[in-house]
2 protein chains.
Amino acid sequence: MHMGADCHHAEGAHPGLTGPVLADALVLAERRCAATQERLTTPRRRVLELLLEADGPMKAYDLIAAFGAHGEPAKPPTVYRALEFLERLGFAHRIESLNAYVPCRMDGQGHRAAFVICECCGAAEEFEPDFATQLAAAAPSGYAVRTVTLEARGLCPACQA
Amino acid sequence: MHMGADCHHAEGAHPGLTGPVLADALVLAERRCAATQERLTTPRRRVLELLLEADGPMKAYDLIAAFGAHGEPAKPPTVYRALEFLERLGFAHRIESLNAYVPCRMDGQGHRAAFVICECCGAAEEFEPDFATQLAAAAPSGYAVRTVTLEARGLCPACQA
DNA sequence: TCCGTTATGTTATCTCATAACGCATCATTA
DNA sequence: TAATGATGCGTTATGAGATAACATAACGGA
């Protein structure tokens, strides 16, 4: 988790997965890949594992540094390719305003991702927005919207205290 | 404007300002700075001018390259500082998903910016969203949201044809 | 005029991301 | 099984985006 320099609060809602819970999540990912003829190869699986183990959003170069089992870093393209795959399948999301990545916390594939980001402790919480009607009304007339990126910033419950 | 490689459509809604219209916009910015004890210094004014002249979102290094009157580039901090100032005063916005900057097209200061971005021609249209109620309901409970970044992607009217 | 504050100029470096190439792997089909 | 095509990986190098740190200059109030 990337905390603000002076954040003294407890961590947010997503401590990293470990042990059987982590293993289950990876097995589930394997199954979803198998069901769509996609391959969860070693580097892809490793990057997903790192995201799931993390307490919060991870930067690409954090993933690169943590990639090897014995401290050897990966080469950048290895990790960026894996991230591209994981995003395509909905296993991970990029948070634009942080240049960072999180594992998807929602069950469904193909959903629209939205995040609230705590400015104090760095936690990022995914939620499922319901834009459709609103956006249709608010957007300049005539645009055919295909995807939406929504990133809100504020304070998580712990950091408001 | 940063067009998609194969976009053959006419340009979007914001051709760059020139002549008296551009001059008026800069004068207006001067006035708004004066009213709040802020200084629209030479590099700040120059970067704002470049944004207003442009047909679409500009990258920081485009601004750096175009900064000098006779082709000499600026140093990166010069432009990044100016952009920081312009964003702070609401004269410009950063579009996170493009790593690019646009001049503000809305009158009011302190508004929340939102954009629709054409995936074909690269046009970016600003609009004023109305999140408040929706976001309060949709966001994970307890977050105190302070700012919202909304960037939608799709096709502008011209590029749907 | 002095002094604190704000802004700029400059150098260097850091972070983030991708291009380009060749080889390996896997599935398909002959 | 071997040829083949598609996909993915390893590697080198470089491109793109942004900031740290420090010195100097300009402004504004006491």
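Per chain, numbering begins at 1; letters A, B, ... match sequence-line order.
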**Q** Send over the distance from A:L83 CG to D:dG8 P, rounded to a whole Å.
**A**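 Nearest whole value for this atom pair: 15 Å.
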**Q** Taking the side chain of B:P43 as heavy atoms from C-beta outward, which of C:dA17, D:dG8, C:dT8 is closest to it?
**A**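 Out of C:dA17, D:dG8, C:dT8, the nucleotide with an atom closest to B:P43's side chain is C:dT8.
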**Q** Expressed in angstrom and rounded to an integer, what is the separation of A:E38 atom CD from C:dC26 atom C1'?
**A**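 Interatomic distance, CD of A:E38 to C1' of C:dC26: 14 Å.
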**Q** Round to the nearest Å and state the distance from B:Y80 atom OH to C:dT10 atom P.
**A**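 It is 18 Å, rounded to the nearest whole Å.
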**Q** Base, sugar-phosphate alone, or nothing: which one does B:R44 contact when heavy atoms must sit under 4.0 Å apart?
**A**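 Since only primed, P, OP1 and OP2 atoms lie under 4.0 Å of B:R44, the category is sugar-phosphate.
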**Q** Is B:E96 salt-bridged to B:R94, going by a charged N under 4.0 Å from an acidic O?
**A**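 Yes, this pair counts.
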**Q** Check the distance between D:dA16's P and B:L98's CG and give it to me in whole angstrom.
**A**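 Distance, rounded to whole Å: 16 Å.
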**Q** In this structure, are over 12 heavy atoms from other groups packed under 6.0 Å from A:R88 atom CZ?
**A**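 Yes - once you tally the heavy atoms of other residues, nucleotides and ligands closer than 6.0 Å, there are more than 12.
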**Q** Let me know, please, whether B:T41 or A:Y101 comes out on the 5' side of the other along DNA chain C by nearest nucleotide.
**A**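 Nearer the 5' end of the strand: B:T41.
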**Q** Could you give the CG-to-P distance, from B:D62 to D:dA16, as a whole number of Å?
**A**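 Rounded to the whole Å, the gap is 10 Å.
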**Q** On DNA chain D, nearest-nucleotide positions of B:Q37 versus B:R81: which is more 5'?
**A**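 Checking each residue's closest nucleotide, the 5'-ward one belongs to B:R81.
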**Q** Could you state the atom-to-atom distance from CD of A:E72 to C1' of D:dT11 in whole Å?
**A**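 To the nearest whole Å, that distance equals 16 Å.
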**Q** Drop me the distance from A:K75's NZ to A:Y80's OH, to the nearest 0.5 angstrom.
**A**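 Reported to 0.5 Å precision, the distance equals 15.5 Å.
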**Q** Checking B:E151 side chain against B:L98 main chain: does a donor-acceptor pair fall under 3.5 Å?
**A**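 Checked: no pair found.
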**Q** D:dT19, C:dA17, D:dC9: which one has an atom nearest the side-chain heavy atoms of B:P76?
**A**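 Of the options given, the side chain of B:P76 lies nearest D:dT19.
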**Q** Ignoring the backbone of A:K75, work out which of C:dT11, C:dT18, D:dT11 is nearest its side chain.
**A**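 For A:K75, the side-chain atoms sit closest to D:dT11.
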**Q** Write down the distance between CD (B:E84) and P (D:dT19), rounded to a whole number of angstrom.
**A**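 One finds 8 Å between P of D:dT19 and CD of B:E84, rounded.
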**Q** Under 4.0 Å from OP1 or OP2 of D:dG17: is there any side-chain N or O of B:R94 that close?
**A**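 No, outside the criterion.
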**Q** Could you check which of C:dA19, C:dA17, C:dC21 has an atom nearest any side-chain atom of A:P77?
**A**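 Nucleotide nearest to A:P77's side chain: C:dA19.
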**Q** Counting only heavy atoms not in A:E84, do more than 12 fall under 6.0 Å of its CD?
**A**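 No, CD of A:E84 has 12 or fewer neighbouring heavy atoms, counting only those of other groups under 6.0 Å.
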**Q** From the set D:dA18, C:dC16, C:dA7, return the single nucleotide nearest to any side-chain atom of B:Y61.
**A**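 Of D:dA18, C:dC16, C:dA7, D:dA18 is nearest to the side chain of B:Y61.
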**Q** For a quick check of understanding: with a heavy-atom distance under 4.0 Å over all strands, which category does A:R39 fall into, base, sugar-phosphate or nothing?
**A**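 Contact class for A:R39: sugar-phosphate only.
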**Q** So, OP1 or OP2 of C:dT8: does either fall under 4.0 Å of a side-chain N or O from B:T78?
**A**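 The answer is no; no side-chain N or O of B:T78 sits under 4.0 Å from OP1 or OP2.
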**Q** Please tell me if B:K59 has a side-chain N or O lying less than 4.0 Å from either OP1 or OP2 of D:dA16.
**A**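 So the side chain of B:K59 is outside the cut-off, no N or O lying under 4.0 Å from OP1 or OP2 of D:dA16.
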**Q** If hydrophobic clusters are built by linking Ile, Leu, Val, Met, Phe, Trp and Tyr wherever their side-chain heavy atoms come under 4.5 Å apart, do A:L51 and A:F85 end up in the same one?
**A**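 Hydrophobic grouping puts A:L51 with A:F85.
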**Q** Rounding to an integer number of Å, can you tell me how far B:M58 CE sits from D:dG17 C1'?
**A**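 Whole-Å distance recorded here is 15 Å.
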**Q** Could you work out which one of D:dA20, C:dC26, C:dA17 sits closest to the side chain of A:A60?
**A**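 For the A:A60 side chain, the nearest candidate turns out to be C:dA17.
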